[in-house]
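Working notes, beginning with the structure itself.
Order of the sequence lines sets the chain letters (A, B, ...), proteins ahead of strands, with each chain counted from 1. The structure displayed is predicted, hence computed values, not measured ones.
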Amino acid sequence: GENVEQHPSTLSVQEGDSAVIKCTYSDSASNYFPWYKQELGKRPQLIIDIRSNVGEKKDQRIAVTLNKTAKHFSLHITETQPEDSAVYFCAASEGGGTSGTYKYIFGTGTRLKVLA
Amino acid sequence: AAGVIQSPRHLIKEKRETATLKCYPIPRHDTVYWYQQGPGQDPQFLISFYEKMQSDKGSIPDRFSAQQFSDYHSELNMSSLELGDSALYFCASSFVNQPQHFGDGTRLSIL
């Protein structure tokens, strides 16, 4: 089955600096890669996603890149702000075939701290 | 916009008791997923339903079962509860291959 590794486990940056979180996946059949932000005790919230037919996607200060050959994808946050502090999870989806379901296999998470 | 509704938000049980968690997906979403998240861990996939049929199964213990009803709401039934079952349980819903939207979760504490 799919296995997703995520690094680093913790990341501290100064406000205004950039943050990069990296994930690798094992199953070449995975074709959808979302990123979720989770604050303590709250639900994961989708912040950006990318499908395997795209190499890069950007939404304001957030961008995601995907290298299918190397099976890795990264989250880039520019001009970080204190409210960006949270745990970030990457995930890979194995696809649904005829079942219509796309379960997520999550990485182990990165605790991002943005220091004011 | 309507979100995924989970109930109860908090639940305290003792060992060997049973618990039922409920999930109401976003209207028109046809797929429901259940995840378990232990303290400091990533969400682990338990089970999913597509159009009221079980579609995939993950690391769900045999003591747990789930179903999706005709109105698309889903229930996760947990029996013979153990201390290790203490966790946040999230339900997520989606439409076909669109992103999953998570509910606020049920925090289950086993005493």
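- Connection of B:Ile47 to B:Leu21 is established within a shared hydrophobic cluster, with ILVMFWY side chains joined at heavy-atom distances below 4.5 Å, either directly or through further cluster members.
- At least one donor-acceptor pair under 3.5 Å links the side chain of B:Tyr33 to the backbone N or O of A:Tyr102.
- Atoms CG and CZ, on B:Leu88 and A:Arg43 in that order, are 13.0 Å from each other to the nearest 0.5 Å.
- The hydrophobic cluster containing B:Leu83 also contains B:Leu108, counting ILVMFWY residues as joined when their side-chain heavy atoms lie under 4.5 angstrom apart, directly or transitively.
- Within a 6.0 Å sphere centred on CD of A:Gln60, heavy atoms belonging to other residues, nucleotides or ligands number 12 at most.
- The environment of A:Glu79 atom CD is sparse: at most 12 non-hydrogen atoms of other residues, nucleotides or ligands sit within 6.0 angstrom.
- Distance alone, capped at 3.5 Å, is enough to place a donor-acceptor pair between the A:Tyr104 side chain and the B:Gln100 backbone.
- Residues A:Leu75 and A:Ile50 share a hydrophobic cluster, clusters being chains of Ile/Leu/Val/Met/Phe/Trp/Tyr side chains in contact below 4.5 Å.
- Shown here for B:Pro99 and A:Asp49, the closest heavy-atom pair between the two residues is CG-OD2, 3.4 Å.
- With chain B as the partner, the residue from A:Gly109, A:Ala91, A:Pro44 showing the most heavy-atom pairs under 4.5 Å is A:Pro44.
- Hydrophobic clustering (side-chain heavy atoms under 4.5 Å, transitive across Ile, Leu, Val, Met, Phe, Trp, Tyr) keeps A:Val114 apart from A:Val20.
- In this structure the side chain of B:Phe90 reaches within 4.5 angstrom of the side chain of A:Gln38, judged on heavy atoms.
- Around the NZ atom of A:Lys22, the shell of radius 6.0 Å holds no more than 12 heavy atoms that belong to other residues, nucleotides or ligands.
- In this structure, NZ in B:Lys57 is found 12.0 Å from NZ in A:Lys103, a value given to the nearest 0.5 Å.
- Checked against the 6.0 Å centroid threshold, A:Phe106 and B:Tyr35 count as a close aromatic pair.
- Residue A:Pro34: no heavy atom, backbone or side chain, is found under 4.5 Å from chain B.
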